[in-house]
2 protein chains.
Amino acid sequence: MHDDSEANRQLQVYHALRQALLDGELQPGQRLKIRDLAEHYAASTMPVRAALQRLVAEGALRSAPQRSVQVPVLRREEYQQLLSVRLALEPMAAAQALPRLTPDERAALGALVQRMASALSQQDAAGYLRGNADFHLRLYRACGNPVLLRLIEGLWLQVGPVFTQLFNDQRLHAGLNAAHEAAWKALQADDSPALARAIHDDLADCGELLAHLLP
Amino acid sequence: MHDDSEANRQLQVYHALRQALLDGELQPGQRLKIRDLAEHYAASTMPVRAALQRLVAEGALRSAPQRSVQVPVLRREEYQQLLSVRLALEPMAAAQALPRLTPDERAALGALVQRMASALSQQDAAGYLRGNADFHLRLYRACGNPVLLRLIEGLWLQVGPVFTQLFNDQRLHAGLNAAHEAAWKALQADDSPALARAIHDDLADCGELLAHLLP
DNA sequence: ATTGACTTTTTGTGATCACAAATTCAAGAA
DNA sequence: TTCTTGAATTTGTGATCACAAAAAGTCAAT
């Protein structure tokens, strides 16, 4: 149990907004106004300001000077740039994580693969996406390289909004889980290169699927 | 000419602090206090607060809740984590940049390699380091991938302080420029893989040199 | 001298006000 | 209607005050 007592108000707001982004509760292009959020979170404008500025600094939100913060609308080109960086970092993190996984974490990852499969068969997009984020980030968190992990989490925060939105009105096909099954096999075989390859394929497949849906 | 009119006070302070970090004017471990900086930059506490929080969000500064922000002191382990990510990203950026370089930029890069060589022969550590940062970042800026560039600049901001500090009382040997000469050769030959390899070697050499000087 | 508790000062965080720039809205002209 | 124009409102940014937590300083006791 990590003692996130949430000391500061601005940290509470920050984490709330962060989760909202990952959960796709914020539409791309939506404008986030300080006073509105302050009212919504029952806070003063000050912590909200700080939280927004932090998210902007992390690239999760965009803001022009003197203008409202808004959740980024990714054009195809930007999305592919994001993807190319993820392809460089995430397989690496996965490979480094594999030998460091505890039995508990392995079991949790296996359960997530299974949960994603059942979510797919039930056309439960939200469930699949939550499982997908859990699976990847939980795996990467074991990589033992906080710097790398920090970058990856920042990238997920940037892809989050489009990622969830685009799947909502998209027919889900079972092939989406193939790469995860391959990753799970590599995981059980303690085969780091195969795991890296599986993660790479997962990102590339899913990336291509989304890329041609963007403006 | 890019119209950096520096609209906001907080942006001015941010860029000033950022440059101070890259130039090694801030010692690792040094505490940055809001009111002191406000006085130094003839600003109110508000823009300074925002600038500091942004730098913290980017990883360039550290802060525990309710405590002063301070320039990070990197232990060897953290430095190597930073290095391993840089090794994944910077050669990639260099390779993508090569075919996009204009003749002007090529010439500027060549001049920088030469300037670094002469700085080395004169034991001018500061000049060498400035040239080094200029060379790398100018090269990467041509990569055409803003996402990638942003991450790399963030990483340089994090290594900046130790980088400059450690070289100041260190004898400079000419071998430090070997990788840059190799990069310059690859650049003239339009050989992207060779350029990527040269950048990789540069980081690795310089990284190893610094790693065993850290606590 | 060194450690410990206590007091004083410093410092980050939150709240509120002021203001200029940006946005929205409405009325009028084509 | 569609576009323009100008007033009215909203909204980000900066300034200042208040307060609790942290740091620094003080001094007595061992």
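Side chain to side chain, A:Tyr14 and A:Gln53 fail the donor-acceptor criterion of an N or O pair below 3.5 Å.
Protein atom CG of B:Leu52 is 11 Å distant from nucleotide atom C1' of C:dG12, rounded to whole Å. Distance NZ (B:Lys33) to P (C:dT11): 4 Å, rounded to an integer number of Å. Between B:Leu61 atom CG and C:dG12 atom P there is a gap of 12 Å when expressed in whole angstrom units. Distance A:Leu37 CG to D:dT11 P: 11 Å, rounded to the nearest Å.
The structure places CZ of B:Arg150 at 12.0 Å from CG of B:Leu155, a figure rounded to the nearest 0.5 Å. Taken to the nearest 0.5 Å, the OG atom of B:Ser192 stands 13.0 Å off from the CE atom of B:Met92.
Each end of the helix from C:dA1-D:dT30 to C:dA30-D:dT1 gets its own axis from five base pairs, and the two axes differ in direction by 30°, given to 10 degrees.
Between B:His136 and B:His180, the angle of the ring planes goes over 60°, which puts this pair in the perpendicular group of the 30/60° scheme.
Between B:Leu210 and B:Leu214, the shortest heavy-atom contact is O-CD1, 3.4 Å.
Every residue two or more places apart in sequence or in another chain that forms a side-chain contact (heavy atoms from CB on, under 4.5 Å) with A:Gln80 is listed here: A:Arg76, A:Ala211.
Judged by the 6.0 Å distance and 45° axis criteria, B:Arg106 is not positioned over the aromatic ring of B:Trp184.
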Requested in this report: Could you run through nucleotides 14-25 of chain D and give me one letter per nucleotide, 5' to 3': B if any protein heavy atom sits under 4.0 Å from the base, S if only the sugar-phosphate is that close, - if neither?
Outcome: BBB-----SS--

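The backbone N or O of A:Gly127 lies less than 3.5 Å from a partner atom in the side chain of A:Asp124, making a donor-acceptor pair.
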